[in-house]
Amino acid sequence: MRFRISLVFLVITFVSFGQKFRFNSSVGTSLISWHEQQMTLDFAAEISFQNPEKNHKTFIALKTMGNLTGSAIDRSNYTFIEPPMNNFNQPIQPNEVLQSSYRGGEAEVGLLWNTNKRKTTVHLTPILSLYSKSIARKISSLRSEYIEEEKYSLHGMSGGIGLVIPGKTTFQIQAQVFEPVYEEVTLYGRYVGVPYQSLVSEKLPNFKAKIQLTKGHFGWVINLESLNLGGAENPNSKSIKASQAIIPSTLFTYFF
């Protein structure tokens, strides 16, 4: 009898847990237009918590991006520190082909309002979150010789609003502004005597938008992100100019 009571209590606990927590995982691709254009393979996951009696939910979302192929570098737009002259570091020839490879990741912890599942009419969902983004560019020669790498890290606040159209297939549009509070660039290299970290000057707002279709356990998301990466003056190494990365991406999602 005690076993049956304990089993019933355990089932009720799991049902209550399932009503409050939801997990999803995604796979997709991105096209990073930065110094070059490059495709990446993306993996993402999100867990959210909402009390059925409340009208807001909290969430944690993670995403990682890795390059599928390298991209040729325009040598006329790229400069690097000449290597020291010795038997181990030979100078790179002016006509030597160089290529880049991109990678990145992001993390977001936030709060969404007006999210009660009982809503059946079109409604707005404000969002406020802590957002962290990283993006890196590694440069090497076709001889597989590592040359250098620059990595940006942006951490700050993000806020925006979404539009939800409920139905058998739920349609959502969301727009956010990301304001970095702390931003740095780290330069690694074979020749430049680094890693060397420097704070980024001229922090600029960044923008992202999302369109999502959800039906049952499946979803499809289209994202568009604009990253304004400020420049950094590195007195002990190479200075990096400000740049912009435009990143459209798509994800196919399964909701557990």
Legend entry - Glu148 and Lys238 ion-paired at < 4.0 Å: yes

Inset, instruction - Considering only NZ, NE, NH1 and NH2 on the basic side and carboxylate oxygens on the acidic side, decide whether Lys138 and Glu150 come within less than 4.0 Å. - result: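 The answer is no: the pair does not qualify as a salt bridge.
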
Any chance the side chains of [X] and [Y] put a donor and an acceptor closer than 3.5 Å?
X      : Y      : answer
Tyr131 : Glu106 : yes
Asn116 : Asn55  : no
Thr250 : Trp220 : yes
Gln50  : Thr115 : yes

Inset, instruction - For a salt bridge (Lys or Arg N to Asp or Glu O under 4.0 Å) with Glu108, tell me which candidate from Lys208, Lys133, Lys63 qualifies. - result: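 Checked Lys208, Lys133, Lys63 against Glu108; only one passes salt bridge (Lys or Arg N to Asp or Glu O under 4.0 Å): Lys208.
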
Inset, instruction - For residues Asn206 and Leu204, report the shortest heavy-atom separation together with the two atoms involved. - result: ND2-O, 3.3 Å

Legend entry - Verdict with reasoning, Arg137 to Glu36, per salt bridge (Lys or Arg N to Asp or Glu O under 4.0 Å): CA-CA 10 Å; Arg137 176 193 187 216; Glu36 298 82 29; 2.6 Å; yes

Inset, instruction - Check whether the ring centres of Phe256 and Tyr254 lie less than 6.0 Å apart, and answer yes or no. - result: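 Aromatic pair counts; centres sit under 6.0 Å.
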
Legend entry - Ring center gap for Phe59 and Phe49 short of 6.0 angstrom: no

Inset, instruction - For the residue pair Leu112 and Gln174, establish whether any side-chain heavy-atom pair is separated by less than 4.5 Å. - result: yes

